[in-house]
Amino acid sequence: EKAKLPTPVNLVAQKELERLEKMDASSPDYTIGLNYIDYLLALPWHAFTDDNLDLKRAENILDSHHHGLQLVKERIAEYLAVRTLSSVADFQVLVVDDEEIARTNLAYVLKKDGYQVLTAANGLEAVEVLKQHHCDLVLTDLKMKEMDGIQLLEYARELEPRPEIVLITGYATVSSAVDALQKGAAHYLPKPIDLEELRATVRGIHQKKVHLTMTRSPVLCFAGPPGTGKTSVGCSIAQALQREFVRISLAGLRDEAEIRGHRRTYVGAMPGRIISEIKRVGVRNPVFMLDEIDKIGQDFRGDPASVLLEILDPEQNQRFVDNYLDVPFDLSGVMFIATANAVEKLPEPLLDRMEVIHFPSYTAREKRMIAKHYLIPRQMREHALTSRKIEFTEGALNKLIEDYTLEAGLRNLERQIATVCRKLARIYVRDEKDDPELKVDEPLLESLLGPRKFTHEIASAGRQVGVTTGLVWTEFGGEIISVEAGIMKGSQQLILTGSLGSVLRESAQTALSYIRSHAEDFSIDSDFFSGSDIHIHIPSGAVTKDGPSAGVTIAIALISLLTRKPARRDVALTGELTLSGRILPVSGIRDKLL
Ligand code: ADP
């Protein structure tokens with residue numbers, strides 16, 4: 001009773017309780033049943049946190065945690081703004097009761113909570129009001145002369161947009177209340193009215209309306225290479241809204257039951273990850289991050305897209321059924337944010353429901369800024385070094401970024417900074433060093449971190465016949481590759497190696513055909529292919545590569561090979577080549593350039 005379970009859940013729990021009462025306490029079924037009831041009681045059916053909608057404050061929080069990312073910050077500010085506009089003052093309630101005292105009392109309580117309130121003395125009057133005003137909620141007495149609550153309900157059901165109806169009834173008419181619920185009323189309240197319950201009910205219906213208008217806007221999906229701030233922006237959103245923050249990773253998920261739970265008939269059955277996390281945070285409106293939604297295991301049993309759609313779609317997730325719970329739980333208050341490295345991998349229907357926000361790779365300059373203003377101060381704090389004046393020189397920062405990390409995001413950079421801090425801490429303690437000022441410059445950096453980890457080998461490799469430099473996009477950011485072409489005696493075969501996907505293979509064929517058909521333009525013997533084989537190889541064979549954008553890189557490698565003229569290695573190429581020799585634009589240019 002104290003848990004105030006929603007009526008359908010309460011019925012299930014009561015039934016389970018009755019079953020247990022007839023059972024022997026030592027039977028395993030008894031424990032299963034008891035755990036189940038415990039679980040139902042522990043879920044936050046009603047608990048939620050109030051959103052902080054102070055836009056200035058939210059913007060400050062996002063700014064103070066993240067450099068740049070303007071687009072992301074703007075989108076979040078818009079979200080909050082819409083949220084604010086659909087607040088209480090817009091919610092219109094119509095109170096219908098033929099007793100004047102009851103009517104004025106109800107209206108008074110609701111007005112005090114900030115709602116707009118209209119009143120009517122009976123059903124007919126209510127219909128007149130509804131004709132002229134849009135109401136979000138009609139709170140009506142069941143027994144009235146002229147036109148009773150049920151008739152009013154039937155009338156209101158046809159309105160568009162349809163108001164929610166809450167009926168107030170005396171005990172004698174509980175059966176008609178059930179009838180009313182079946183006819184589409186949202187709720188009924190017994191007389192005498194418990195004002196707290198009334199306020200909670202109205203508040204719940206209002207929240208639902210707000211959530212629905214909010215969640216009808218698509219779910220945000222943050223896409224970008226690892227370490228570009230997706231998770232930490234999600235965390236800041238929660239902080240800005242003053243909501244709880246939950247994060248689960250979907251990477252390698254292999255079974256629908258991990259999301260949706262096991263049926264209780266299984267031994268050791270448990271609820272799925274969604275419901276367990278909701279229980280853990282204890283509120284039903286956290287910011288819920290579904291990390292790496294593109295990495296769901298290939299061998300997933302069941303259809304991942306349909307489960308995720310059910311969770312993310314506000315129409316469906318109001319009644320999300322976990323197999324273990326077996327009763328619907330309303331997830332519509334949850335603000336879901338998905339993250340992915342490569343959205344291209346997501347199923348179309350899922351992508352359709354989401355608004356993708358791209359988190360770009362960072363330039364060296366941005367990394368320097370972020371390191372200086374965010375990462376270094378944070379690591380200093382975490383390593384208890386704030387009291388010393390430690391400063392990284394510009395040169396040291398550049399070296400750290402260029403020679404020790406090679407990534408689109410900031411993870412390794414932060415890790416390397418942490419390593420430096422750790423080593424400095426040790427030096428301070430061991431040498432009992434007390435001079436508070438220390439400059440970390442390039443030589444000191446190298447003595448702490450060891451020799452540089454990355455070199456720029458391709459550009460300095462020197463020109464060669466039949467070898468070109470290409471740019472590729474991967475989900476971890478841009479990459480530079482070599483394309484190598486060779487010719488030998490044979491029987492007109494095109495050999496392709498290096499784990500190439502089908503689109504890439506076709507680009508190679510297109511490039512070869514283009515050159516064969518335009519041999520004279522390049523002063524190449526038009527007969528070059530007869531009696532020869534051509535082999536094209538793209539090193540790093542362990543990584544599968546695909547996409548059309550290597551077309552021009554392959555073509556130039558072939559032209560270099562056939563004209564015996566070395567190609568420049570310090571110029572990198574990307575572009576799709578058509579059979580007629582046009583070069584088409586390709587995507588991912590920013591990441592590739594970086
Ligand atoms: P992702 O979830 O995209 O893999 P994270 O959110 O874990 O990346 O970010 C990695 C680290 O980089 C975190 O410590 C984060 O605070 C920091 N970071 C990322 N982007 C920024 C930024 N724009 N400003 C400040 N710090 C950032």
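Order of appearance sets the numbers: ligands from 1, and atoms from 1 within every ligand. Scope of the values below: all heavy atoms of this structure, side chains included, with no hydrogens, waters or symmetry mates.
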Task: Heavy-atom pair with the smallest gap, counting every atom of Pro226 and Arg411 - done: CB-NH1, 4.1 Å

Task: Of Leu250, Thr231, Ile248, the residue whose pairing with Asp291 passes side-chain contact (heavy atoms from CB on, under 4.5 Å) - done: Thr231

Open item on the list: On a heavy-atom basis, which atom in Leu496 and which in Ala508 lie closest, and how many Å separate them?
Closed with: CD2-CB, 3.5 Å

Task: Protein residues having a heavy atom less than 4.0 Å from any atom of ligand 1 - done: His65, His66, His67, Leu69, Pro226, Gly227, Thr228, Gly229, Lys230, Thr231, Ser232, Tyr362, Ile370, Tyr374, Arg378, Leu410, Arg411, Glu414

Open item on the list: Could you check whether Arg569 and Ser482, counting side-chain N and O atoms only, form a donor-acceptor pair closer than 3.5 Å?
Closed with: yes

Task: For Glu277, salt bridge (charged side-chain N to carboxylate O under 4.0 Å, His left out) partners two or more places apart - done: Arg280

Open item on the list: Less than 6.0 angstrom separating the ring centers of Phe336 and Phe288, yes or no?
Closed with: yes

